[in-house]
Every structure is written in structure tokens, then in C-alpha cells.
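Contents: one structure, followed by commentary.
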Amino acid sequence: MPELPEVETIKNELLPWVRGQSFTQVTIFDPKIVFCASTEEFPRNLVAQRVENLERRGKYLIFNLASKQVLIMHLKMTGVLLLNPRTFDSYARAAFSFSNDIQIVFSDRRRLGAIWLAENADAVVGKLGPEPLSDDFTLDALAQLLEKHHIPIKAALIDQNLIAGIGNMYADEILFAAKIHPLRKANALTPQEIQILHRCIREILWSAINSKGASVSTYIRPERQIGTAQLAFKVAHQYGKLCPICGTSIQRVLVRGRGSYFCPNCQPLL
DNA sequence: CTTGGGACCTGGCTGC
DNA sequence: TGCAGCCAGGTCCCAA
């Protein structure tokens, strides 16, 4: 599932292909993917626009256009962006051609992905919490954010309005690394635990970016290489396997309806 | 306002 | 072997 490290990788690998280029053709195969504009207006409004920059905000990909409009994409669960695919599979939802003759295809098996063309990025991403890898995301910032919420720490980590970009699998890896049970209340963590959590958030995310993301489910990079972050997973998607630290069976518990994997010995509830 | 749960979506898996 | 039904989880929406 594309979370912060996967979207960061896609951004890094598409940026040199699209920066400074203009859209020459835009085709929507699945009207449901487009928000904020009718299917007919969307391609017309985008063609001839030049891409000044490509950014990531949380799990969103933002094309900054010379007109100051923004094209925003969210891959949700199964979306992928493919550079110059030889063939279109049946999951192709939209295709974008550029002035340098490259083509990017948005393919999405489960049709949850979304595309916006907006005057202002804040209309789409304005409510997101801080970027966990930015300098603004200090230990104090995390502590202040957590003390206001009487919710499971796992729910806090994946709430995009609290912290942007962490999803289910990296939240599990972060909590395992920090030795914190997913059901501990956010505002009941000790200062030491928050300090460790803060460090683990950054380490897990940076490590995954360095591995170009985790190719579980459908995630694949624009030029079809896989990411390898999943090879380092200790608990995410490891139900029934043994904890690499203590050998206890990895357990699964539902938090906010999301499967959460943890080691009951390394991450005690009390 | 805070928190929790369901809907959306479809391929893959489980169990009868 | 066939198929109903559950599960996956990012985000939005609604209810208590």
C-alpha cells in the first residue's frame, strides 16, 4: 500500500521526467477517479499546462503547475503510476502524455484512487498534520500532539490530520521498534516512550525510503522495479510468525478496524 | 469536539 | 471443484 515512503519514491523517480514539461494529452478511462471537475473539463483544463515541480505531502502527490493550479493524485490502496508502459492493463484509469513524449498511466485495481485539479493545494491537503520527516516535526511537537488525544497510539499514528503519511504497515513497524503496544493511549505515553517513538518514526520511514518503499500488495515503482522495504519488516504482515527479538508469536488485534500486528512480549500493554 | 464504526472498492483467500 | 462471504486499508462520512 503506498504510504509516505512509497509516494516519496514515486515522486523522486518521476520528478526528472516531468519537471519543466507540459501536458500534451490527458485521457480519463474511469470518470470516477476525477474529483473537482467534470470528466470533459478535466483534460481540457490540464492540456498545455507546464509542470514546475512535483512534491509529496503526506500520501498525496502534487504537481505544481505554472498557472499556480495544482494537479493532485492519491493512490489509496492499489494505485500505481507507470512510466511509458508498453501496454495498458484493464486497470488503467487515466493516462497523461507530456511534451518530452513520455507517458504516465494511473492504474488502480480497486478504483479507490483519486485525482484533483485545484486552484490551491490546501483545498485538498490543507488539513494534513505535519510531515514527520520535516524539521518542524520536533520531539516537543509530537509530545504536544499526543497529549491531546485519548485514542490508541496506533490510531493516532495513522490519523493523517495528526501526522501526515504514516499508514497501517509502517505504524506497526514503528510501534514494534519503539516497543509500544498499539492499544496504549496516546496521551498516556511516558516522556521516554515519546522520545523513542519520535526517533523510531524517522528511522523507520527513512529506512523505507532508502529501500524505495515496500512492494507488498500492488506497489511497484514507475519504471517497474520493486521496493525492498518489506524485507526488513518485523511484524507488519507477519501474523503467526515469530518475533525476531524474543521468539514470541506475532499477534493481531483490531484497532479502529485495522489489523494491527505486534509482539505481545516486546510490546506489553501494561 | 472527540471517538468509533461503516461505506467505498475489487481481487484473493477461506471454508463449506 | 464451485462459490458465497470475508478480508485487505486510505479516506470520507455519520452517529453517539
Side-chain angles (χ1 to χ4, degrees), chain A residues 1-11 28-36 56-62 72-81 89-94 106-116 118 121-129 131-132 144-175 182-189 205 208 213-220 227 229-230 233 235-241 250-262:
Chain A
M1 342 277 150
E3 302 182 21
L4 185 153
E6 287 74 32
V7 182
E8 178 72 11
T9 299
I10 292 167
K11 182 265 289 177
I28 303 298
F29 304 111
D30 180 5
K32 229 187 134 290
I33 200 173
V34 177
F35 291 69
C36 302
R56 178 194 57 75
R57 179 79 173 93
K59 303 171 191 169
Y60 293 80
L61 204 54
I62 304 177
I72 301 183
M73 300 181 181
H74 196 302
L75 301 171
K76 296 288 178 74
M77 303 293 299
T78 54
V80 293
L81 290 177
D89 60 29
S90 60
Y91 305 121
R93 308 298 177 195
F106 190 136
S107 182
D108 183 11
R109 203 167 66 181
R110 281 172 59 184
R111 302 180 71 202
L112 291 166
I115 299 175
W116 298 260
D122 276 352
V124 179
V125 300
K127 289 184 176 174
L128 292 179
E131 283 294 321
Q144 286 181 29
L145 187 146
L146 294 181
E147 76 182 3
K148 285 185 287 194
H149 295 279
H150 187 70
I151 58 176
I153 183 62
K154 169 72 183 284
L157 287 181
I158 64 175
D159 185 333
Q160 302 302 296
N161 297 332
L162 298 186
I163 306 170
I166 300 173
N168 202 46
M169 66 187 179
Y170 289 110
D172 284 353
E173 288 301 310
I174 289 164
L175 289 174
L183 287 173
R184 294 276 307 283
K185 297 297 188 220
N187 62 354
L189 298 186
L205 294 178
S215 281
V216 297
S217 181
T218 59
Y219 169 71
I220 193 164
Q230 74 282 3
F233 283 177
V235 290
H237 302 105
Q238 310 294 309
Y239 183 59
K241 295 187 186 170
I250 301 301
Q251 297 294 306
R252 178 179 183 270
V253 66
L254 278 186
V255 183
R256 287 281 190 101
R258 296 293 170 257
S260 301
Y261 300 87
F262 68 104

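Note on naming: letters A, B, ... go to the chains in the order of the sequence lines (proteins, then strands), and numbering restarts at 1 for each one. Keep in mind that what you see is a predicted model, and the values were worked out from it rather than measured.
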Is it true that Arg256(A) and Asp159(A) make a salt bridge, defined as a side-chain N closer than 4.0 Å to a carboxylate O? no

Below 4.0 angstrom, N of the basic side chain to O of the carboxylate: do Lys76(A) and Asp108(A) qualify?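 No salt bridge links Lys76(A) with Asp108(A).
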
Compute the ring centroids of Phe29(A) and Phe106(A), then answer whether they are less than 6.0 Å apart.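 Here the rings of Phe106(A) and Phe29(A) have centres that are no less than 6.0 Å from each other.
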
Determine yes or no for a side-chain-to-main-chain donor-acceptor pair under 3.5 angstrom, with [X] supplying the side chain and [Y] the backbone.
X         : Y         : result
Gln160(A) : Gly129(A) : no
Glu3(A)   : Lys59(A)  : no
Gln238(A) : Ala236(A) : yes

In whole angstroms, how far is the P atom of dC7(C) from the CG atom of Leu254(A)?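 Nearest whole value for this atom pair: 9 Å.
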
Between atom CG in Asp108(A) and atom C1' in dG9(C), what is the gap in whole Å?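 It is 13 Å, rounded to the nearest whole Å.
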
Residues in side chain to side chain donor-acceptor pair (under 3.5 Å) contact with Glu131(A), at least two apart in sequence or another chain: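 Per chain and number, Glu131(A) pairs via side chain to side chain donor-acceptor pair (under 3.5 Å) with Arg56(A), Arg57(A).
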
Taking any atom closer than 4.0 angstrom to a non-hydrogen atom of chain A, what span of DNA chain B does the protein reach, first nucleotide to last?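 Range of nucleotides touched by chain A: dT3(B) to dG11(B).
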
For the student: nearest non-hydrogen atoms of Tyr60(A) and Leu128(A), plus distance: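 Closest approach of Tyr60(A) to Leu128(A), heavy atoms only: CD1-CD1, 3.9 Å.
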
Each nucleotide in nucleotides 10-16 of chain C should get exactly one letter: B, S or -. Can you fill that in based on protein heavy atoms under 4.0 Å? BBS----

Tell me what Arg256(A) touches on the nucleic acid: a base, only sugar-phosphate, or nothing, going by heavy atoms under 4.0 Å.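 Base, at least one base heavy atom under 4.0 Å.
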
